[in-house]
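When reading the values below, keep in mind they use all heavy atoms of this one structure, side chains included, and skip hydrogens, waters and symmetry mates. Worth saying up front: this structure is predicted, and the values here are computed from it rather than measured.
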Amino acid sequence: MEPAPGAAENSKLRHVEKDVLIPLIMRDRAKELCSDKVQAFTKCCQETGVLMVVKCRQENTALKDCLVGYYSDPSFYEECKAEYLKQREEYRATGIKKKRQKFTQNM
């Protein structure tokens, strides 16, 4: 079975897609997946005020560890890349740009 015409062209990524657009999806999804740590760090900062640099180290470290774990995971990158390619394919087919989805949980 031969690949569809233009299939190779459809899977190629431009520099801006690899280095900007896919990482944006990764960042948004990682924030969603680490939302408990984001909330803990935000709460600590709000409660502490000026001394947050000193008093919120533990929460900051937990948040960074969670986010970096996703950012450095090749399978997570591939998952976000597939999501981006799907969005790009839909845009090319319809001409309608999908707004960037914010991944947030209802509190």
Task: Steps toward side-chain contact (heavy atoms from CB on, under 4.5 Å) verdict (Met26, Tyr84) - done: CA-CA 10 Å; Met26 291 176 72; Tyr84 171 77; over 6 Å; no
Open item on the list: Can you list everything that forms a disulfide (SG to SG under 2.5 Å) with Cys80? Sequence neighbours excluded, please.
Closed with: none
TODO: State plainly whether one hydrophobic cluster holds both Leu67 and Leu24, where clusters connect Ile, Leu, Val, Met, Phe, Trp and Tyr through side-chain heavy atoms under 4.5 angstrom apart.
DONE: no
Task: Pairs involving residues 54-72, ordered by first then second residue, that meet side chain to side chain donor-acceptor pair (under 3.5 Å) (sequence neighbours left out) - done: none
Task: All side chain to side chain contact (heavy atoms under 4.5 Å, CB included) counterparts of Val16, not counting sequence neighbours - done: Arg14, Val20
Open item on the list: So, using side chain to side chain contact (heavy atoms under 4.5 Å, CB included) as the criterion, who are the partners of Asp73 when residues are at least two apart?
Closed with: Ser75, Phe76
Open item on the list: Starting from Tyr91, can I reach Leu13 by hopping between I/L/V/M/F/W/Y residues whose side chains sit under 4.5 Å apart?
Closed with: no
Task: ILVMFWY cluster, Ile22 and Leu33 together (side-chain gap under 4.5 Å) - done: yes
Task: Closest approach of Lys12 to Glu17 (non-hydrogen atoms, all atoms of both residues) - done: O-OE1, 4.0 Å
Task: Rounded distance [0.5 Å steps], CD in Gln39 versus NZ in Lys43 - done: 10.0 Å
Open item on the list: Taking side-chain hydrogen bond (donor to acceptor under 3.5 Å, both in side chains) as the definition, give me every residue that meets it alongside Glu89, ordered by chain and number, with sequence neighbours left out.
Closed with: none
Task: SG-SG distance Cys44 to Cys56 under 2.5 Å - done: yes
Task: Remaining members of hydrophobic cluster (4.5 Å side-chain criterion), Leu51 - done: none
Task: Distance (rounded to the nearest 0.5 Å) between Gln46 CD and Met52 CE - done: 10.5 Å
Open item on the list: Do Arg88 and Leu21 have side chains that approach each other closer than 4.5 Å (heavy atoms only, starting at C-beta)?
Closed with: no
Task: Closest contact, heavy atoms only, Val38 versus Lys31 - done: CG2-O, 4.1 Å
Task: Close side-chain approach of Glu79 and Glu83, heavy atoms under 4.5 Å - done: no
